Enquirer: 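Take this structure first; my questions come after.
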Amino acid sequence: MPELSVIVHGPNVQDHLTGLLDSLVAHPLPGAEVVVAAVGDWARETAERYAADLRVLPLPDGTSDAAARAAGAGLATGRRLHFVHAKDGLPPGSTRTVAERVAELPDTVDVLLMDHLRSTWRTSGLPSPDGPLLARAGRADLPLDDSAPLLRLTPLLGTRVLRTDFWRAHEAQLNTDDEAYDALAALLLADRVACLPLLAYEDRRLRPASLPPPTPEQRYALVERYESLLELTHERPAAHTVLYEVMVRDCLRTFARGGMPEEVAREFFRRASVAAVRLRPEGHRRPAGPEGVRRALLEEGAYRKYRAFQAANRARRTVRSAVRTRGRRLGTRLRDHQYRRALHRPVDTRLAVFAAYWNRGVACNPAAIAAKLAELAPDIHPVWVVTAENAALLPPGTDHVVPGTRRYWEVLATAKYLVNNVNFPNAVVKRPDAVHVQTHHGTPLKRMGLDQMPYPAAAQGLDFQALLERIDKWDYSISSNSHTTRMWERAYPSRYVSLDYGYPRNDVYYTAGADDIRAVRERLGIAPGRRAILYAPTHRDYEAGWTPRLDLAALADRLGEDTVLLVRAHYFYAGTASPLTGLRRSGRLVDVSSYDPVEELCLAADALVTDYSSIMFDYANLDRPIVIHADDWETYRTTRGVYFDLMAEAPGPVARTQEQLTEILTTDAWRDESAAKARAAFRRRFCEYDDGRAAERVVRRVFLGQDEAALPPVLPVEERTPAPNPQEVGSS
């Protein structure tokens, strides 16, 4: 019995089936079978060309997707089923990755969830919004009620691998003519689910103009879908709340897109209104702002008012577009008025505002400080600044504000403490009794701040006068070593106080234990005994996007079956199409670009390969091997500028070519005596203040007002004990 049955089903729409079958037969797998439920003559003729490598089931033209899936599943013999529509695609190597993952799953797991790409008739290979949700869930299997946010994943049946017995037991509910219903029902009916946060499917959207227009019944079916699904969430409040939110959002979005005849739109709105009221969770509160107005009108069934609201919004958008410059000025005046008025209120000594990486979420040094603050000064209330798109990924219970909102400006105006690892907006006023803490987010190898001025590629778009004005608002600047302190004083000249306490985000490298490391490696799917190498390159100012400077698939092959290559692109490229998508993967090459926090990846890795990224300075705290791949050092040094010669003061062996890197990693050169000696010198210089108590020192000094003499002294490097090596912790 094969572990996996891939069931390709449907007609050969626009000849997409050919490419799909090419990718499947290019690398046949002994643990997987392919069944093609070919609908129509073109699909049958196409599939029969590959008959030596797969099983073909011809079906008459017009066979529905549900009937084709059922027919294909009837022929399947695998323990788990992966349904792939004939119009969609599979990234190269993804079937092998899925097959290896399902072979590890216990029979208690009914559904495996995977990430996907999105393609249309105009674009290809766009990332889905699902990656962060899947990465946060990790690889451990769990009941859905413990991770209800997974119901927000794009409802594609192709991103679910189903246990065959589970499918057969629930086929009537899992195989309808509504794929989104099937995808959501699979989660609600499953006892346990697991995640594979890797790209394993390509959802190809056909041009709407090439498809028949939806009938009124198909429009109304959207509401019926959620009514039926929410019946499955009785006595499951977490799942019910999340699915209710998904329903309302989907209904409003569908209605807003338009395209419905007036009588159909009115009936759709009425049905959505009835469902929104009848199925609303007890105590559920609508969001504030325009979205709250939309939901209130929907629940009231106020069709005419909603249309008027839409018309008003359209008119406002038209006016804003026509007088955009004037609108910006008016908006700025209004914001300034609200902000200035808030600045006259007393400073709230128990309010702290945190932000990281341009409002991406809870991360880096600010996150470590906030965690220690909750422990040592729980009376101080933290509020995080987070963009609207990242707010859904915040830890439960995190108080936050979205940039530009009224409360955002109010908390910035009244908070006693403002903590950031970049900078707050230029418009933020430094109140005399407020405290601004600049935590930074790395040790500088490349030129920073004013030192970028002589380098056009690095200085492009920077307003250095505005930079100086932001620096002048800092009260404290956190540093992890003497080199950093000196460079910050040079690059950011002002009167702030340097806190030579270490980087709080690096505390975990001394406080994490064997159980923590085992848990991270399990989430990443790294088996005990396997070597994990983290490859984390930085960005180049002279490149528009990220192109891997290594043939990662070839490197993974050369490193062998016992090595897992964890690849993390720089965060500047988040949300862009990843060049890792087309790589051939076999579970030994894992894209961890969406995985947060990065400190966990470091804990999981036996070694680090990087180029000029500041991650090397943080990873050195673990006293584990570091290899530098510097194929463009001269170009980087010339275009960006550097503070020291990394080639002469590297933390380990240096490779200038891929062949040299492969040689280092396939011999003992990555961890030999010479590498250890270089690493020791690097640690003494750049891990000077990092000893596991940096966050405590910051909180005690900044928030509790304690004197320097009362703070925990910095432990010398040679007296510290880093977190254990992954090969030492074994399995639990």
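What you see is a predicted model; the values in this text were computed from it and never measured.
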Enquirer: Begin from the C-alpha positions of T77 and E33 and carry the test side chain to side chain donor-acceptor pair (under 3.5 Å) through to its verdict.
Expert: CA-CA 8 Å; T77 61; E33 67 173 359; 3.1 Å; yes
Enquirer: Taking the six-membered ring for Trp, are F83 and W167 parallel (under 30°), tilted (30 to 60°) or perpendicular (over 60°)?
Expert: tilted
Enquirer: May I ask you to test the L134-L196 pair for a side-chain heavy-atom distance under 4.5 Å?
Expert: no
Enquirer: Under a 4.0 Å threshold between the charged nitrogen and the carboxylate oxygen, would R168 count as salt-bridged to E171?
Expert: no
Enquirer: Just so I know, are the side chains of R80 and L162 near enough to count as touching, which here means a heavy-atom distance under 4.5 Å?
Expert: no
Enquirer: Is there side-chain contact between R521 and P726, with heavy atoms separated by less than 4.5 Å?
Expert: yes
Enquirer: Using a strict cut-off of less than 4.0 Å between a Lys/Arg side-chain nitrogen and an Asp/Glu carboxylate oxygen, indicate whether E45 and R49 qualify as a salt bridge.
Expert: no
Enquirer: One thing to verify: whether R160 and D182 come together as a salt bridge, which I'm taking to mean a side-chain N less than 4.0 angstrom from a carboxylate O.
Expert: no
Enquirer: Could you go through the side chain to side chain donor-acceptor pair (under 3.5 Å) check for D178 and T176 one step at a time?
Expert: CA-CA 5 Å; D178 183 349; T176 70; 5.6 Å; no
Enquirer: Short question: side chain of R518, backbone of V729 - any donor-acceptor pair under 3.5 Å?
Expert: yes
Enquirer: Is any side-chain heavy atom of V36 less than 4.5 Å from a side-chain heavy atom of R55?
Expert: no
Enquirer: Could you label the plane-to-plane angle of the F255 and F269 rings as parallel, tilted or perpendicular, counting under 30° as parallel and over 60° as perpendicular?
Expert: tilted
Enquirer: Measure from the side-chain N and O atoms of K87 to the backbone N and O of R204, and report whether any donor-acceptor pair falls under 3.5 Å.
Expert: yes
Enquirer: Are more than 12 heavy atoms, taken from residues, nucleotides or ligands other than R278, located less than 6.0 Å from that residue's CZ atom?
Expert: yes
Enquirer: Regarding E245 and R249, does a basic nitrogen lie under 4.0 Å from an acidic carboxylate oxygen?
Expert: no
Enquirer: Just wondering, do L198 and P91 contact through their side chains at under 4.5 Å, heavy atoms?
Expert: no
Enquirer: Under the criterion side chain to side chain donor-acceptor pair (under 3.5 Å), I'd like the reasoning laid out for S128 against D115: C-alpha separation, chi angles, the key distance, then a yes or no.
Expert: CA-CA 7 Å; S128 82; D115 199 2; 2.6 Å; yes
Enquirer: Tell me whether the count of non-hydrogen atoms from other residues, nucleotides or ligands lying under 6.0 Å of CD in E282 goes above 12.
Expert: no
Enquirer: On a heavy-atom basis, which atom in A194 and which in L105 lie closest, and how many Å separate them?
Expert: CB-CD2, 3.9 Å
Enquirer: Please say which of V590, L566, L524 ends up in a side-chain contact (heavy atoms from CB on, under 4.5 Å) with Y595.
Expert: L524
Enquirer: Do R568 side-chain atoms and V592 backbone N/O form a donor-acceptor pair below 3.5 Å?
Expert: yes
